[in-house]
Engineer: 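Provided herewith is a single structure, encoded as structure tokens, for subsequent inquiry.
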Amino acid sequence: MYGLKTDWSKKDNDRYCTLDDYTSLKARWCPGCGDHAVLAALQKLCRDEQLPPEKTVCVSGIGCSSRFPHYMKTYGFHGLHGRALPVAEGVRSRRPDLHVFVATGDGDCCSIGAGHWIHAIRYNMNMTVMLFDNNVYGLTKAQTSPTSPKGMKTNTHPNGSLMDPIDPIQTTLSVTNVSFVAQTVDWNPVHVYATLKAAHEHKGLSFVRIMQRCPHYTPGMWDGYIKDPMTVLMMKHDKGINADNLDRMFKNTIAHDPSDLDAARKLAARRDILPIGLYYQDASVDCYDEHSAVGVGMPRANRLEALRNELDRYRI
Ligand code: SF4
């Protein structure tokens, strides 16, 4: 791509950024909503990593969790339903210097945005995708979402959802070029933080499914796991999600090498237990943004020649 501005090297802040530098409006989610915990974790991560707010972008679609960009004092784009990922890809492909975070819900990502979701995984652009999965459309007041369990009563299915839900982890693990897939639970801030940190450090698209509490429309959805941590299975590995004291919080663990895709898929298929941690990581997967960014940093004087060379390829 030629003709773009090439020098984006605006001097970064040389001051220390505090949490206030990432905190914008007061979050208007319901009390007890899991979104609060994820927002706090991401703001803390930005502070700890000293991500310049002017070099950080939060992109979202539509839904409760998609209010996320309003609460981060960074650049943000609150987009259309299901369209968070193409917007984020556009940002990423033209501004490879930015840190890109995407907030999307189970309805936003796995229903109307499903086509974008699949291809975003395949394009593997460098960004962190947070899937807030509360098993329901909260913003539109309790409609069945693609991840609602079969039999769950909602306003659209008052006698219970008729179909088995889609599994976001299994689906993501099945896509060509998948490079990072993790799962966490909003009620454990240590694990959420460690997961987002690993996701942000990954080169490529990091897909993080967050089991998110919605006390308003799906109260008690995760109570079994919250009250009995032995029903949560923490994946452990040197290359996995690691943080102090996680072993004390989650005593039910399994050794899992995140480079083993077959093992990851087997774990994702388990229904007897809730696995958390890093299912899969492959940092060697091609990133589309690295191809599409060719020419972005090209000096102005060389652009005409590069353009001529490009057009010459099509000379008859
Ligand atoms: Fe959170 Fe549910 Fe309230 Fe939406 S409706 S803000 S998801 S608790």
Side-chain angles (χ1 to χ4, degrees), residues 22-45 58-74 76-85 101-114 117 128-158 160-161 165-169 182-189 191-193 195-196 207-227 274 276:
Y22 305 100
T23 306
S24 182
L25 303 173
K26 183 171 166 23
R28 290 173 54 196
W29 294 306
C30 305
C33 176
D35 295 355
H36 293 284
V38 184
L39 176 66
L42 186 62
Q43 288 167 335
K44 185 167 179 296
L45 178 70
C58 287
V59 181
S60 68
I62 295 292
C64 287
S65 57
S66 289
R67 294 191 57 79
F68 214 88
H70 297 272
Y71 306 142
M72 295 286 296
K73 204 191 283 179
T74 61
F77 195 113
H78 189 173
L80 296 175
H81 203 201
R83 312 298 180 226
L85 286 165
F101 296 91
V102 177
T104 181
D106 42 298
D108 193 58
C109 177
C110 307
S111 185
I112 190 171
W117 168 31
T128 300
V129 178
M130 302 174 288
L131 172 65
F132 294 74
D133 192 352
N134 58 8
N135 290 185
V136 75
Y137 284 90
L139 193 70
T140 44
K141 307 196 183 308
Q143 297 171 313
T144 305
S145 97
T147 62
S148 300
K150 189 174 184 178
M152 185 174 117
K153 294 191 168 133
T154 66
N155 284 338
T156 43
H157 291 93
S161 168
I166 199 169
D167 184 307
I169 295 287
Q183 182 154 276
T184 187
V185 292
D186 76 29
W187 55 91
N188 189 292
H191 199 269
V192 173
Y193 177 88
T195 306
L196 293 183
F207 182 84
V208 179
R209 182 194 189 196
I210 303 163
M211 316 306 264
Q212 181 235 316
R213 289 164 297 170
C214 172
H216 203 71
Y217 291 120
T218 52
M221 176 64 75
W222 313 118
D223 273 6
Y225 303 121
I226 295 169
K227 288 178 182 157
L274 177 69
I276 61 168

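Counting starts at 1 for both ligands and their atoms, following the listed order.
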Engineer: Measure the shortest side-chain to side-chain distance between Val136 and Gln143 over non-hydrogen atoms and say whether it is less than 4.5 angstrom.
Structural biologist: no
Engineer: Determine whether the side chains of Asn135 and Thr218 contain a donor N or O and an acceptor N or O closer than 3.5 Å.
Structural biologist: no
Engineer: Distance under 4.0 Å to a non-hydrogen atom of Cys64: what atoms of ligand 1 satisfy this?
Structural biologist: 4 (Fe), 5 (S), 6 (S), 7 (S)
Engineer: Using ring centroids (six-membered ring only for Trp), state whether Phe68 and Phe132 fall under 6.0 Å.
Structural biologist: yes
Engineer: Taking only heavy atoms of Tyr217 into account, list the atoms of ligand 1 that are under 4.0 Å away from them.
Structural biologist: 5 (S)
Engineer: To the nearest 0.5 Å, what is the distance between SG (Cys109) and CH2 (Trp117)?
Structural biologist: 5.5 Å
Engineer: Are any N, O or S atoms from Cys214 nearer to atom 3 (Fe) of ligand 1 than 2.8 Å?
Structural biologist: no
Engineer: Considering the heavy atoms of Pro215, write down every atom of ligand 1 situated less than 4.0 Å from one of them.
Structural biologist: 8 (S)
Engineer: Taking atom OG1 of Thr147 and atom CG of Asn134, what is their separation to the nearest 0.5 Å?
Structural biologist: 7.0 Å
Engineer: Roughly how far, to the nearest 0.5 Å, is the CE atom of Met130 from the CG atom of Leu42?
Structural biologist: 5.0 Å
Engineer: Below 4.0 angstrom from a heavy atom of Cys33, which ligand 1 atoms are there? Numbered from 1 as shown, please.
Structural biologist: 1 (Fe), 6 (S), 7 (S), 8 (S)
Engineer: Measure the distance from atom 6 (S) of ligand 1 to every protein heavy atom, then report the residue, atom name and distance (to 0.1 Å) of the closest one.
Structural biologist: Cys30 N, 3.5 Å
Engineer: Find all atoms of ligand 1 within a distance of less than 4.0 Å from any non-hydrogen atom belonging to Asn134, and give their numbers and elements.
Structural biologist: 7 (S)
Engineer: Taking only heavy atoms of Gln212 into account, list the atoms of ligand 1 that are under 4.0 Å away from them.
Structural biologist: 7 (S)
Engineer: About how many Å separate CE of Met72 and CG of Leu39, when rounded to the nearest 0.5 Å?
Structural biologist: 6.5 Å
Engineer: Atoms of ligand 1 less than 4.0 Å from Trp29 heavy atoms?
Structural biologist: 6 (S)
